[in-house]
Amino acid sequence: MSTPKKKSKSEPLPRRADPARDRALARWFWHNHVRGWLPHILFGIVLMAMDGAMAGVLSALLKPMFDDVLVAGQQDMVLWVALGIGGTFVVRAVSSLTYRTLMAYVAEKVVTRLQLTMTQHLIGLDQSFHHRHPPGHLIDRVRGDTLELNAVFEKIIPNLGRDMVSIVVLLGVAMWIDWLWTLIALVGVPALVLPAAFLQRVVRAMGVRARESSAAASTRLDEIFHGVQTIQRSGTEETETARLSRVFTRFVKARVRVAGGQAAMGSMSDLVAALGFALVMIFAGSQIAAGERTVGDFMTFFAAIAFLFEPLRRLGNLAGAWQNTLASLERIHRLLDEKPRITQPQGDLAPLPQPGHEDVVFDNVTFAYEAEPVLHGLSFTAKAGQTTALVGPSGAGKSTVFMLLTRLADAQSGRILLGGEDITRMDLRGLRSQFSVVAQDSALFDETLRDNVLMGKTDVSEERLQRAISAAHVDEFVPGLPQGLETRVGPRGSALSGGQRQRVAIARALVREAPVLLLDEATSALDAQSEALVQQALDDLSAQRTTLVIAHRLSTVRHADKIVVMEAGRVVEEGNHDTLLALGGVYAKLHALQFSGT
Ligand SMILES: Nc1ncnc2c1ncn2[C@@H]1O[C@H](COP(=O)(O)OP(=O)(O)OP(=O)(O)O)[C@@H](O)[C@H]1O
Ligand SMILES: [Mg+2]
């Protein structure tokens, strides 16, 4: 097992361009997320090409319009030229409407599917990952980073499909009129190469920074809105907004540079255009004045070159847009590349414990969330069918024991056995199904009360549900709810009181009827009367199964078969209530404190 490394919250990304890596990223995106849409994209590109060609057709039509209709006055050409010009606009209207809608559809599909893939992957990652990446940060990565990929379908592919064709056709028209004029008009284009390379680097680096600060802003927003009561009570509204404003400042700076870098390419092509136009005017103008060329020639050429610079400018932006996309792709790929550390074991699985043999053994377990170990060679045994209590001061590592036992995280060294078998060798879901857990802060979801108790279990009879609900004394407050069990409990259960939420969590644990019961301060939020009642129900329940219970209030654990006293990640005393009192150590002191009557 590896030793934990201290990692910063947002790991720095390589800011320098690495073409091989970029190609790999593009390939990954293509193979996993885009390839399935190839027919749609190809159809879109055909339409884009039609749209793109129309500028060339339009400029080519100017020659007959000037030379044949306006100058030579050929009546029979009027209708044809008019039809031709009208036709180009109709083709443009229909094709662009169709491909824009089509590309938006593909973009949304790709992005939402990627969001689902990311969410699914993130749900599978362990506690230390989630400790380093708070919810707001992850929300922003799932929603924000992927959104940047829209540009691929709504900007980059149309740029390529439409603008490339525009450029080729327009260049063709211009060359058809006069290749020398064309060369003169484009004389400045090679000068764009060097600054383009520089601007790409800027856009990429700033793109990464913009995404980083966007995630930081989302994290702050998430914390602000979850802590809104605390903020209001402590009067720190201004402090909070000031902190947020600092994050936003970084974000704005980076975004503006991305936009500026992208736009700079367009502006440089404008300068090149100005130069080209001036030169052509001088050269071609004198030829026309001398009567060597027609006005129609010049009009068509002039229109073609004028039309040419707009797609050229957009194509200039393309490199920037692609760099920005790569910045997001890189971040997305990084997240998806995080290996789930808690995985199904390879090879033969260890059997799940036989009913009645779920002895829990911690054998010299060391564990750290980050660099500092939280558990130092922790060893204790909890016998099957008995109740074992974990007591000790706050921060001793009690909840961490439950975390390891249910494999939300894995120990760095030592072994944890259930029924004599190493839990890391057991089927992961099978292992977790062995436990009914009431955690210190169980999450409620914005669903109905019934769904919150069942948590996706479909094989629960109405009778079993009612039993759990009444044992947890949830039925006490259900009648007062507008739709009874079908009432939605609000985001994170916000429509319920703290004690009510805890009772729902207890009912949820009870309805699982799993062989091992893990209770972490399960009744701490209840009033004395309900606590006594719920405690009675839990005692009844634990009489028939293996139970580990964490409690600060020692009165709840005095009847436990065994009490394990923890301090700073170690076991300092073990025994039952009477032997521990007689020992006169840590437990006896705690007990004296709680029952001194003060
Ligand atoms: N997700 C986490 N990331 C990093 N450190 C953590 C995390 N959870 C807990 N810790 C640290 O691990 C130590 C043990 O925490 P744990 O929650 O196991 O304590 P506890 O004994 O349950 O305390 P309490 O009685 O207050 O619930 C604490 O020092 C805490 O700072
Ligand atoms: Mg705890």
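FYI, side chains are in, hydrogens and waters are out, and symmetry mates aren't considered; it's all heavy atoms of this structure. In listed order, ligands and their atoms are each counted from 1. All figures in this text were calculated on a predicted structure; none of them were measured in a lab.
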**Prompt:** Quick check: are there more than 12 heavy atoms from other residues, nucleotides or ligands sitting under 6.0 Å from CG of Asp348?
**Reply:** no
**Request:** Using a strict 4.0 Å cut-off to heavy atoms of Gly397, name the atoms of ligand 1 that fall inside it.
**Result:** 14 (C), 16 (P), 18 (O), 19 (O), 20 (P), 21 (O)
**Distance filter under 4.0 Å to Gln440 heavy atoms, resulting ligand 1 atoms** = 24 (P), 27 (O)
**Ion pair Glu223/Arg220, N-O distance below 4.0 Å** = yes
**Complete:** Here the atoms of ligand 1 under 4.0 Å from any heavy atom belonging to His552 are 25 (O)
**Message:** Heavy atoms only: which of Glu372, His130, Gln127, Lys398 lies closest to atom 25 (O) of ligand 1?
**Reply:** Lys398
**Message:** Out of Ala368, Gly569, Ala396, Ser394, who is nearest to atom 26 (O) of ligand 1 when you count heavy atoms only?
**Reply:** Ser394
**Message:** Less than 2.8 Å away from the Mg ion (ligand 2), how many protein N/O/S atoms can be counted, ignoring water?
**Reply:** 2
**Request:** Write out the residue and atom name of the closest protein heavy atom to atom 29 (O) of ligand 1, then the distance separating them to 0.1 Å.
**Result:** Gly395 O, 3.9 Å
**Request:** Look at atom 17 (O) of ligand 1 and say which protein heavy atom is nearest, naming residue and atom and giving the distance to 0.1 Å.
**Result:** Ser399 CB, 3.6 Å
**Prompt:** So, for atom 31 (O) of ligand 1, does the protein have a heavy atom nearer than 4.0 Å?
**Reply:** no
**Asked** Is it true that the side chains of Arg492 and His226 contain a donor and an acceptor less than 3.5 Å apart?
**Response** yes
**Asked** Between the side chains of Ser128 and Arg341, is a donor N or O closer than 3.5 angstrom to an acceptor N or O?
**Response** yes
**Item:** Test: Arg211 and Asp145 ion pair at under 4.0 Å
**Value:** yes
**Non-hydrogen side-chain atoms of Leu428 and Arg432 separated by less than 4.5 Å** = yes
**Message:** Can you confirm whether His130 sits close enough to Leu138 that some side-chain heavy atom of one is under 4.5 Å from a side-chain heavy atom of the other?
**Reply:** yes
**Message:** Can you report which non-hydrogen protein atom sits closest to atom 9 (C) of ligand 1, along with the distance?
**Reply:** Tyr369 CE1, 3.4 Å
**Item:** Those atoms of ligand 1 less than 4.0 Å from some heavy atom in Thr400
**Value:** 14 (C), 15 (O), 16 (P), 18 (O)
**For His131, atoms of ligand 1 separated by under 4.0 Å from a heavy atom** = 1 (N), 2 (C), 3 (N), 4 (C)
**Message:** So Leu418 and Pro353, do their side chains get closer than 4.5 Å, heavy atoms only?
**Reply:** yes
**Flag side-chain contact, heavy atom, 4.5 Å: Thr219 against Val247** = no
**Item:** Shortest protein heavy-atom distance from atom 13 (C) of ligand 1, along with the residue and atom involved
**Value:** Val374 CG1, 3.3 Å
**Message:** Applying ring pair (Phe, Tyr, Trp, His ring centres under 6.0 Å) as the test, list every pair that has at least one member in residues 325-351; sequence neighbours left out.
**Reply:** Trp28-His333
**Asked** In this structure, are over 12 heavy atoms from other groups packed under 6.0 Å from Lys457 atom NZ?
**Response** yes
**Prompt:** With a 3.5 Å cut-off and no angle check, do the side chains of Thr579 and Asn576 form a donor-acceptor pair?
**Reply:** yes
